[in-house]
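Before any comments, here is the structure.
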Amino acid sequence: MTLADTPSSEGFVGRADELDELASALASARAGRGRAVLVIGEAGVGKTRLAQQACALAGDFLVLTGACLPLSSMSVPLLPLRSAVGVLPEEQRPAMRRAADAESAEDFDQWLEDRCARGPVALVVDDLQWSDPATLDVLMWVLAGLTTRSLALVVTVRREEVSPGHPLQRWLADVRRLPGFVELPLGPLDLEETRAQLTSVLGDVPHDALTRDVYSRTGGNSYLNRLLVQGLSPTETALGPGLPEDLAAAVLRAWHQLDSPARDLAQVLAVYGRVAGGSALDRVAGLAHVTDLRSALRHCLAANLLEADGRGGYWFHHPLQAQALAGSLGGLDRAHLHAAFAAALEDDLATAAARDTGESAEWTLEAVSLVADHHDRAGHAHQAYDAGLRAADLAREIGATSTQVRLLARALELRRQLGPGGAGPTTALWERLRLAAEAVGDFEEELRAVEALLGGLDERRDPLRLAELVIRRQHLRFLTGRGFLDPAEMRRAVRLTRCDAESWQHAFALAELTHATLWQDDPASHDLGAAALASARASANPRALAHALAANAMLAVHEGRSAEGVRLGREAVEAAATARDGFAFVHAALWEANSVDGPISPAWRTMVGRRWAELAELGAPHPLLAWLASNEAFGHLHAGDLEACARRLRVALGSTPGTLADVQTRLTAAWMAAIQGRIHEAEGHLARADELFAETSNFLAFDFDAVRAMVLLSGGHPREALDAAMKGTTTPGTPPTLCEWLLPLAARALADLAQQERDTGGDPTRWLAELDVITARFPDTIRDVGGATDLYEHQLTGLGAMYHAEASRARRAGDAHLLWARAATALREILPWEASYSSWRQAEALLASGHAGRDEAVGAMRRSYAMARRLGAQPLVDELDALARATHVQLAEPATGVPAPATARKAGLTTRETEILGHIVAGRTYGEIAKALVVSEKTVSSHVSHLLSKTGCANRVDLARWATRT
């Protein structure tokens with residue numbers, strides 16, 4: 001088949017580096033220096049799709065694709081090459097004899113050379129591991145003359161199929177020495193690429209839980225991803241227990257090729273569920289009734305079903321193979337095997353204890369955990385419960401806290417299944433789970449534990465403990481996206497602790513009531529903060545003190561006491577570190593930074609980055625580190641350092657970030673994708689943030705409304721963008737994050753709507769009337785709480801000018817260019833994207849008003865263009881390109897001292913005319929030339945007239961072409 005006109009980019013994700021490598025090979029071939037690329041990776045990883053995509057993007061190549069087939073009882077010489085050229089008209093095909101020999105190779109090679117002389121050719125050969133010897137010989141012949149023709153040869157190979165001794169090994173050894181040959185290893189998709197692929201397959205952004213479930217099972221294998229989600233809805237949160245038939249057949253293909261002992265061994269190993277070596281492997285073999293273990297293992301390894309781990313153990317090449325094999329057994333058979341493994345492992349543990357064999361604590365923990373797992377899967381709830389608790393104790397002793405969380409969660413589920421009286425009390429278990437989950441940042445499990453503990457507490461008997469848990473529940477609801485801090489719950493905590501007004505819990509409750517009411521603009525917050533700090537200092541408890549100091553740092557920022565806010569924030573961070581309270585540490589660090597300036601300030605970003613490093617030194621769990629990293633990324637984004645932003649986003653998403661950090665990361669990523677023109681990606685990030693958070697506009701610490709408005713505007717939905725922006729302006733309490741952007745975005749939406757009406761012959765009156773209502777209600781852009789730093793005042797000036805400029809654009813007022821110039825000037829060093837956008841609009845307004853401001857417009861366009869390109873803001877680049885074409889402006893800044901062509905003197909040009917010709921070639925306007933040469937524009941015009949006369953050119957464009965041709 002030919003691929004030149006078939007595949008689109010639909011469904012293709014990631015692989016930027018690999019596409020660049022193939023694009024480089026194709027470009028070299030286009031220039032007459034042929035290249036060969038071997039794309040190697042496991043089955044289903046996307047080798048063929050990558051080759052198709054690269055060739056489709058090339059466009060001008062004749063793309064010929066053939067595939068080798070896994071024929072077992074016959075051989076068809078040159079099959080992939082015959083199929084590759086079979087799509088051509090018969091008269092254009094090479095002569096290929098049925099009996100492959102040297103003449104066939106020479107004929108095909110000569111045909112390729114003739115065809116490459118007429119245009120570049122890409123020859124793609126799939127699954128070379130199944131090729132016949134004749135095909136390898138012909139390809140070797142082709143490779144020998146590759147570098148002198150316009151040919152790109154792309155071959156794909158399944159890594160797992162090319163074992164030692166495979167016929168392809170020798171061929172590869174030979175061709176690796178040839179010039180122009182490179183290998184391109186292709187690995188699986190990462191988590192975010194898997195999410196993008198599933199979005200394409202399912203037609204919408206999948207639920208995060210579904211994405212992670214798929215990724216954990218497939219390891220990012222593109223083909224298996226697709227099979228695993230067939231027929232699912234993107235709203236599903238998990239995969240079903242079994243595997244689709246097509247998928248099971250695909251992953252078990254190697255298993256079906258084995259003999260009976262090897263199949264039985266693999267099936268029992270799948271039920272064992274772990275890497276098996278030594279006595280464990282002997283046990284697997286015994287239960288599988290395999291007498292010749294070495295032979296069975298050799299067959300499994302040769303079929304690439306199993307892999308050796310380098311330490312004497314064996315496990316499946318792909319996790320889905322184990323799942324499919326375990327599922328292929330009947331339930332009773334599986335239960336029998338699980339019970340047998342549990343009994344055998346218990347014997348091992350008893351023997352090790354009796355003989356004091358010196359087994360490590362890690363070995364004991366793994367063995368006891370396996371006993372619990374197998375008892376559970378065998379249906380032995382009591383034994384699984386007891387073994388699970390033993391394993392949890394061991395995990396606590398050796399510091400395996402994540403394992404402890406898993407074991408305790410399962411023990412609690414088993415305890416529920418046992419019913420009342422089936423085991424001991426659960427309160428102690430819930431408390432253990434709470435502490436372990438807090439230590440590793442598993443806020444979902446911790447919240448579950450806190451809810452269970454609250455249900456068992458008596459207000460009269462333990463009010464202080466109840467208050468502490470009420471507050472922690474609020475923090476966890478905040479961290480997991482269930483809601484913002486609820487002042488009513490914090491007041492409840494204060495009421496509960498009044499029985500002991502000198503307790504640290506009372507100070508803690510007062511501090512968090514201050515925190516919650518500040519977001520509601522409650523005037524009582526000031527007195528509450530003072531009382532909280534006095535109470536916390538009296539209690540000498542570092543946790544209470546950290547929260548009280550952080551709340552008072554917030555107060556200082558709200559009231560414009562910046563220096564005091566920095567001091568309080570610093571003390572709060574120190575107290576939080578002493579208390580090992582990660583929530584308080586991040587909260588305090590952010591308000592310490594807010595006391596200095598806003599997120600676009602270098603000082604703010606440096607301070608947050610330093611606190612992130614300190615938190616990492618304290619060994620904080622990743623979700624808390626991700627919370628700080630995502631905030632730092634937010635600052636880098638709006639300051640225009642998109643590379644630093646991307647690095648911090650990768651840190652946040654480097655592991656499971658937790659809901660709060662995930663939302664912040666998604667909102668930042670959505671804004672970045674929107675300004676860079678990746679609209680579908682931006683919509684996906686925003687959808688993920690919406691999915692994670694129950695509250696959006698009401699969550700004041702986040703920029704949902706501004707981001708939603710930006711994404712909608714970038715996607716061409718101004719009506720919906722207007723609604724999103726205005727929703728943020730009416731949220732009660734403290735203004736939301738990015739509140740300063742809301743009115744400029746709303747006015748931009750109205751200006752776009754008015755323009756749409758005019759473009760279609762409609763009447764924009766309704767939108768102008770709505771604009772009048774908004775500007776009357778909000779004379780200027782919204783100011784956030786905090787001190788008035790110079791940087792923030794410049795930001796407000798610029799965004800305010802953008803607001804009024806958008807309003808002028810909507811009304812077609814004559815002063816729009818002045819407002820856009822004011823915005824661009826104020827924002828140039830602090831908000832680069834907004835400055836670039838403003839300069840574009842300034843140029844647009846100037847050019848629409850006539851030629852009087854052309855030079856000023858050209859300067860604005862070039863400034864905007866340079867910034868937009870640096871930011872990767874493709875939509876702005878495209879708008880500027882279109883404006884430049886329509887107004888005959890060259891966007892690249894003209895170079896100084898451009899030499900005139902040597903032949904210019906032969907045309908009788910004077911020195912001054914030659915100098916002016918250089919400026920014209922560089923794209924300067926008359927005004928720019930006049931300014932550079934200190935002459936009048938009229939003089940420049942006169943010289944240009946003489947140039948046109950002497951060269952016979954019709955205009956300046958023709959003159960520039962003449963100069964560059966000669």
Side-chain angles (χ1 to χ4, degrees), residues 11-18 41-47 49-50 159-160 185-244 246-248 250-251 270 273-275 307 315-327 402 405-406 440-442 444-445 622-623 626 646 649-659 661-663 665-666 669 680-681 684-685 687-689 691-692:
F12 189 87
V13 298
R15 311 302 196 193
D17 292 341
E18 292 85 354
E42 69 175 19
V45 79
K47 304 180 295 298
R49 189 69 182 88
L50 173 69
R159 186 192 306 278
E160 66 273 17
L186 191 64
L189 302 175
D190 63 22
L191 177 64
E192 289 309 307
E193 289 168 338
T194 297
R195 190 190 313 278
Q197 185 196 15
L198 298 188
T199 299
S200 174
V201 172
L202 300 175
D204 202 351
V205 180
H207 195 286
D208 184 62
L210 177 63
T211 302
R212 292 180 184 276
D213 196 4
V214 170
Y215 184 70
S216 69
R217 299 202 202 186
T218 68
N221 184 288
S222 176
Y223 176 65
L224 299 181
N225 287 345
R226 189 177 295 273
L227 287 180
L228 199 54
V229 299
Q230 277 184 346
L232 290 182
S233 163
T235 59
E236 298 283 349
T237 58
L239 296 166
L243 294 177
D246 289 349
L247 180 57
V251 299
R274 297 289 190 282
V275 173
E307 292 178 344
W315 186 240
F316 291 88
H317 174 72
H318 201 284
L320 282 178
Q321 293 169 323
Q323 182 183 350
L325 281 175
S402 294
V405 170
R406 179 182 67 82
V440 297
D442 189 340
E444 292 287 348
E445 282 293 353
H622 181 74
L649 292 179
R650 284 195 293 272
V651 168
L653 294 174
S655 183
T656 303
T659 304
D662 204 347
V663 170
T665 300
R666 299 294 172 183
H680 189 65
E681 181 183 333
H685 284 303
R688 171 65 181 142
E691 172 192 305
L692 284 165

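Taking the side chain as every heavy atom from C-beta outward, Thr194 and Arg212 never approach each other to under 4.5 Å. The closest side-chain heavy-atom distance from Leu239 to Leu232 is below 4.5 Å. The shortest distance between side-chain heavy atoms of Thr659 and Glu444 falls below 4.5 Å. Residues Thr199 and His680 are in side-chain contact: their nearest non-hydrogen atoms beyond the backbone lie under 4.5 Å apart. Using a 4.5 Å heavy-atom cutoff, the side chains of Val201 and Asn225 are not in contact.
Between the CZ atom of Arg226 and the OG atom of Ser200 there is a distance of 6.5 Å, given to the nearest 0.5 Å. Here OH of Tyr223 is found 13.0 Å from OG1 of Thr218. Values are rounded to the nearest 0.5 Å. Summarising the geometry, atom CH2 belonging to Trp315 is positioned 12.0 Å from atom CD belonging to Glu307; distances are rounded to the nearest 0.5 Å. Taking CD of Glu236 as the reference point, atom OG1 of Thr211 lies at 12.5 Å (rounded to 0.5 Å). The distance from the CZ atom of Arg195 to the CG atom of Leu210 is 10.0 Å, given to the nearest 0.5 Å. Distance check, rounded to the nearest 0.5 Å: CG of Leu649 to CD of Glu192 gives 10.0 Å.
Minimum interatomic distance between Val45 and Gly187 (heavy atoms only, all atoms of both residues): CG2-O, 3.1 Å. Contact record, Ala270 with Ala326: CB-N, 3.9 Å, taken as the closest heavy-atom pair. Residues Gly219 and Pro188 approach most closely at O-CB, 3.1 Å, considering heavy atoms. Pro623 and Gly441 get closest at one heavy-atom pair: CG-O, 3.4 Å. Summarising the geometry of Asn221 relative to Gly44, their closest heavy-atom pair is OD1-O, 2.9 Å, with the distance given to 0.1 Å. When every heavy atom of Tyr215 is checked against every heavy atom of Asp190, the shortest pair comes out as CE1-C, 3.6 Å.
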Determine, step by step, whether Glu681 and Arg688 satisfy the salt bridge (charged side-chain N to carboxylate O under 4.0 Å, His left out) criterion, reporting the C-alpha distance in whole Å, the side-chain angles of both residues, the deciding distance to 0.1 Å, and the verdict. CA-CA 11 Å; Glu681 181 183 333; Arg688 171 65 181 142; over 6 Å; no

List the steps and the verdict of side-chain contact (heavy atoms from CB on, under 4.5 Å) for Arg15 and Leu189. CA-CA 8 Å; Arg15 311 302 196 193; Leu189 302 175; 3.6 Å; yes

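Each of Glu193, Lys47, Arg49, Gln197 was compared with Ser222 under the side-chain hydrogen bond (donor to acceptor under 3.5 Å, both in side chains) criterion, and only Gln197 meets it.
A distance-only check finds no donor-acceptor pair linking the side chain of His685 to the backbone of Val663 [under 3.5 Å].
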